[in-house]
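Order of the sequence lines sets the chain letters (A, B, ...), proteins ahead of strands, with each chain counted from 1. Keep in mind the model is a prediction, meaning the values are calculated, not measured.
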Amino acid sequence: MNCRTFREQLADLVAGELDSPQRAAAHEHMQTCEQCRELARGLEAAAAVVEADVVSLEEAERQTAALTPPKPHGVRPAIVRRRYPRLSTIVRYAAVILLAFASGYSARGWRADEDVSEALAVDGASRVSGELVDRYTKATEQFPNSSALSRSLLALAQR
Amino acid sequence: MPLDVETCFRTQRARVYRWAYAMCRRHDDALDVVQDVFLRMLDRRPLLANPAAAIAWLRRVTGRVVIDNWRAESARAARQASHVPTASSADAVEARELADLLHAALESLSEQQRLVLMGKCYDQMTFQQIADELGIAVPTAKTHYLRALSAVRERVRTADPTPDIQAGRTS
């Protein structure tokens with residue numbers, strides 16, 4: 001056996017898979033070739049390190065006897081949707097609406113009793129034509145005892 | 001056919017423990033690895049046609065879980081903190097050093113090299129069986145085996161260059 005053949009059979013030799021004649025030939029080569037001998041001995045030592053402390057299946061069975069099979073993770077409960085909103089939701093919406101109304105009232109005030117001409121003037125001359133103001137003035141002269149709302153409606157109707 | 005993880009656990013847990021213990025050299029770590037491996041099986045439900053395929057899957061995942069645990073810094077710190085030598089102090093230190101060498105060597109291997117080494121050294125499979133399981137050629141399996149052993153040998157040689165280690169002190 002030469003070095004090339006020896007190295008081709010090295011894995012089988014270290015793993016113990018060579019038959020007797022081949023093993024004998026390999027050992028004979030190792031007697032004569034120091035390099036191959038060193039290589040084989042080093043690999044056998046490495047295999048011994050890896051195989052050290054490998055327990056038997058019986059021992060492993062004993063060590064794991066107390067283990068319990070893992071359980072699947074908990075299933076999340078399905079989210080149940082209510083058909084009707086909660087009372088608290090209704091109260092919240094109502095509060096928002098009231099707040100919006102109160103904000104509007106505090107900002108603009110209640111103008112039902114105010115003079116419409118003032119309101120129209122405040123709203124801007126661009127939205128009220130001069131002609132409309134003239135008619136309102138004329139209606140005031142014609143019906144001095146009428147309410148501001150009546151005079152405004154009359155002015156609009158004449159338009 | 002759906003995989004029955006509980007049955008698989010009962011029949012294969014000892015095998016997984018054996019692999020894990022051979023790699024970790026620590027009982028508690030090996031038990032943790034067994035739980036982790038079967039939790040992964042429960043989560044992923046791999047399609048395994050037969051028991052041989054299940055064993056191959058378990059061997060591959062066991063190697064990955066062990067390596068992942070080593071790489072996790074917290075696990076490393078916990079391992080150092082919880083280390084209580086059971087043998088005499090000198091023996092324990094030597095065993096720990098040897099285990100660390102093995103960790104470093106196994107971590108440096110490719111997955112196929114590690115699987116070949118596990119099949120050969122832990123399960124005494126033939127190269128033909130390993131090649132069939134991994135779907136590789138027999139010469140490739142032999143090459144992986146020799147390279148894996150060379151990596152271990154290099155680690156041992158680097159750590160302790162005395163000739164008695166190289167000549168197989170542990171054997």
Side-chain angles (χ1 to χ4, degrees), chain A residues 1 3-20 22-23 26-27 29-31 33-76, chain B residues 5-10 13-23 25 27 30-31 34-36 38-43 95 98-99 101-102 105-106 117-118 120-122 124 126-128 139 141-146 148-157 165-171:
Chain A
M1 181 179 283
C3 292
R4 184 175 175 174
T5 317
F6 178 83
R7 292 188 186 206
E8 282 174 359
Q9 297 181 350
L10 186 57
D12 291 317
L13 176 70
V14 175
E17 285 193 21
L18 280 185
D19 56 24
S20 292
Q22 287 176 317
R23 195 166 58 245
H27 281 289
H29 176 74
M30 285 164 63
Q31 298 293 327
C33 179
E34 188 184 347
Q35 212 175 3
C36 289
R37 184 170 64 244
E38 288 287 321
L39 182 61
R41 293 276 182 257
L43 293 176
E44 282 169 355
V49 169
V50 177
E51 290 170 10
D53 287 343
V54 176
V55 296
S56 65
L57 266 179
E58 291 76 21
E59 173 66 13
E61 192 67 56
R62 212 162 46 78
Q63 296 287 353
T64 55
L67 284 182
T68 52
K71 299 284 177 205
H73 298 303
V75 180
R76 294 174 69 183
Chain B
V5 177
E6 195 165 328
T7 306
C8 195
F9 176 83
R10 294 196 195 288
R13 67 184 174 199
R15 196 186 294 270
V16 174
Y17 173 86
R18 195 164 166 266
W19 295 328
Y21 185 79
M23 294 174 81
R25 308 286 167 97
H27 173 68
L31 289 181
V34 174
Q35 290 286 358
D36 285 352
F38 283 99
L39 267 176
R40 284 197 190 187
M41 179 176 263
L42 201 62
D43 284 345
L98 212 55
L101 284 176
L102 186 64
L106 291 177
L117 197 66
M118 288 173 73
K120 198 72 206 161
C121 294
Y122 301 161
Q124 282 73 47
T126 63
F127 287 117
Q128 184 66 58
K142 290 180 180 177
T143 304
H144 284 324
Y145 177 64
L146 289 178
L149 285 182
S150 298
V152 176
R153 185 188 60 171
E154 282 306 310
R155 294 279 174 179
V156 173
R157 183 186 282 172
I165 281 228
Q166 292 175 40
R169 185 175 54 185
T170 57
S171 57

Enquirer: Would you give the length of the straight line joining atom CD of A/Glu59 to atom CZ of B/Arg18, rounded to the nearest 0.5 angstrom?
Expert: 11.5 Å

Enquirer: As an exercise: rank B/Arg13, B/Gln124, B/Arg15, B/His27 by heavy-atom pairs under 4.5 Å with chain A and give me the winner.
Expert: B/Arg13

Enquirer: Counting only non-hydrogen atoms closer than 4.5 Å, does A/Gln63 touch chain B with its backbone (N, CA, C, O), its side chain (CB onward), both, or neither?
Expert: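 When you check distances to chain B, atoms from both the backbone and side chain of A/Gln63 fall under 4.5 Å.
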
Enquirer: Ignoring hydrogens, what is the shortest heavy-atom contact between B/Ala14 and A/Ala60? Give both atom names and the distance.
Expert: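 Nearest heavy atoms, B/Ala14 then A/Ala60: O-CB, 3.2 Å.
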
Enquirer: Can you say whether B/Tyr145 sits under 4.5 Å from chain A via the side chain, the backbone, both, or neither, judging by heavy atoms?
Expert: side chain

Enquirer: Sort B/Leu102 into side chain, backbone, both or neither according to what part of it lies under 4.5 angstrom from a heavy atom of chain A.
Expert: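 The side chain, not the backbone.
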
Enquirer: Less than 4.5 Å to any heavy atom of chain A: does that hold for the side chain of B/Thr126, its backbone, both, or neither?
Expert: both

Enquirer: Would you call A/Thr68 and B/Phe9 a side-chain contact if the rule is heavy atoms closer than 4.5 Å?
Expert: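 Contact flag for A/Thr68/B/Phe9 side chains = no.
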
Enquirer: Examine whether an atom of B/Arg25 lies under 4.5 Å from a heavy atom of chain A, and if so say whether it belongs to the side chain, the backbone or both; otherwise answer neither.
Expert: side chain

Enquirer: Quick one, B/Arg153 and A/Leu39 - any side-chain contact, counting heavy atoms below 4.5 Å?
Expert: yes

Enquirer: For chain A, find which of B/Trp19, B/Tyr122, B/Tyr21 contributes the most heavy-atom pairs closer than 4.5 angstrom.
Expert: B/Tyr122

Enquirer: Looking at A/Ala46 and B/Leu149, what are the two nearest heavy atoms and their distance?
Expert: CB-O, 3.3 Å

